[in-house]
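When a residue number appears, it is its place in the shown sequence, counting from 1.
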Amino acid sequence: MTKGLKVVDVARRTGLTSSTISQVERSKISPTIITLKKIAAALEQPLGEFFGEQEEEVVVHAPIRPSPVVHREQRKLLSPGKGVTYHLLNPDMSGPIEFIYNIYEPGAGTGTGQYSHPGTECGLILKGQLLITINDQEYLLQEGDSITFNSSEPHSKVNNGEVRCVCVWANTPPWF
């Protein structure tokens with residue numbers, strides 16, 4: 001564990017068992033996005049720290065000022081759970097907003113249960129459908145639909161359709 005914390009300390013901070021934390025640490029289990037978010041919060045680290053850099057190194061000659069453009073091949077790829085892929089569209093997370101291109105395979109989602117985090121988020125469905133649950137209220141978004149809500153409210157997302165859901169999502173402040 002980082003920050004001088006023991007497995008039992010992280011377990012206490014997250015509400016997860018020491019066994020779960022240990023298995024995640026040793027790559028024995030694939031945690032859900034909710035579990036990863038709890039661990040990231042306990043370690044006071046952005047969630048993106050858990051995901052490695054791109055496998056292929058892209059050589060870019062940096063101009064005097066970093067480019068605000070992220071080309072497709074330069075996107076950081078995040079896969080927080082089985083059947084879920086996120087592509088970071090921001091050059092970095094230093095700004096006030098996070099912009100992500102999401103792909104949810106049929107049946108895939110943010111995991112069991114709901115999660116929350118500070119801020120506001122909004123999304124636009126480009127293809128397929130996505131069921132968003134905020135507290136007890138369900139919203140079925142179809143292609144072309146959008147949603148904005150307070151992220152501190154417990155929420156979850158799942159593709160309950162039969163085709164891949166492709167959407168773009170913005171969070172402020174950045175969550176990953």
Side-chain angles (χ1 to χ4, degrees), residues 1-58 66 70 74-105 107-123 130-137 149-160 165 167-176:
M1 290 283 107
T2 62
K3 298 194 176 245
L5 295 174
K6 296 179 181 174
V7 170
V8 69
D9 298 325
V10 176
R12 190 178 313 112
R13 288 182 179 189
T14 61
L16 300 168
T17 66
S18 294
S19 173
T20 298
I21 299 298
S22 177
Q23 289 178 37
V24 169
E25 185 178 39
R26 293 179 293 127
S27 299
K28 296 292 182 187
I29 61 171
S30 255
T32 65
I33 187 99
I34 293 169
T35 298
L36 285 177
K37 286 182 178 185
K38 287 178 181 180
I39 294 170
L43 297 175
E44 299 175 351
Q45 295 289 318
L47 187 58
E49 292 295 319
F50 293 141
F51 301 95
E53 292 295 319
Q54 300 177 153
E55 288 184 23
E56 250 182 60
E57 185 176 331
V58 177
V70 177
Q74 295 172 322
R75 294 178 187 159
K76 185 173 183 177
L77 179 64
L78 310 169
S79 292
K82 185 178 178 186
V84 179
T85 307
Y86 295 161
H87 298 265
L88 184 62
L89 300 176
N90 297 58
D92 59 47
M93 300 308 285
S94 64
I97 194 166
E98 149 189 298
F99 194 39
I100 298 179
Y101 181 87
N102 303 316
I103 300 172
Y104 293 91
E105 297 299 333
T110 54
T112 58
Q114 296 182 322
Y115 64 99
S116 62
H117 52 90
T120 301
E121 58 188 89
C122 60
L130 195 64
L131 179 66
I132 312 294
T133 304
I134 305 169
N135 290 310
D136 297 338
Q137 185 68 43
F149 61 93
N150 183 337
S151 307
S152 65
E153 297 287 330
H155 59 281
S156 64
K157 303 171 186 114
V158 65
N159 177 358
N160 64 347
C165 174
C167 52
V168 289
W169 223 258
N171 291 301
T172 182
W175 177 239
F176 274 99

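Proximity of L131 to V158: side-chain heavy atoms (C-beta onward) are separated by under 4.5 Å at one or more points.
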Worked verdict on N102 versus K157 for side chain to side chain contact (heavy atoms under 4.5 Å, CB included): CA-CA 11 Å; N102 303 316; K157 303 171 186 114; over 6 Å; no
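Summarising the geometry, atom CD belonging to E153 is positioned 13.0 Å from atom OG1 belonging to T133; distances are rounded to the nearest 0.5 Å. Here the OH atom belonging to Y86 is positioned 12.0 Å from the CG atom belonging to L77, to the nearest 0.5 angstrom. Between atom OG of residue S156 and atom CD1 of residue I132 there is a gap of 7.5 Å, rounded to the nearest 0.5 Å.
Between V84 and A108, the closest heavy-atom pair is CG2-CB, 3.9 Å. Considering every non-hydrogen atom in both F99 and A170, the closest pair reads CD1-CB, 4.3 Å. P118 and P173 get closest at one heavy-atom pair: O-CD, 3.9 Å. Summarising the geometry of I39 relative to L16, their closest heavy-atom pair is CG1-CD1, 4.2 Å, with the distance given to 0.1 Å. The two residues W169 and G123 come nearest to each other via the heavy atoms CE3-CA, 3.2 Å. Shown here for N159 and C165, the closest heavy-atom pair between the two residues is ND2-N, 3.3 Å.
Tested against H155 for a side chain to side chain donor-acceptor pair (under 3.5 Å), the candidates Q137, E121, Q114 yield a single pass: E121.
Ring geometry, Y101 versus H87: the interplanar angle exceeds 60°, so the pair is classed perpendicular (tilted spans 30 to 60°).
Within a 6.0 Å sphere centred on CZ of F149, heavy atoms belonging to other residues, nucleotides or ligands number more than 12.
Judged by distance alone, the side chain of T172 and the main-chain N or O of P96 form a donor-acceptor pair under 3.5 Å.
Side chains of N90 and E98: no donor on one and acceptor on the other come within 3.5 Å.
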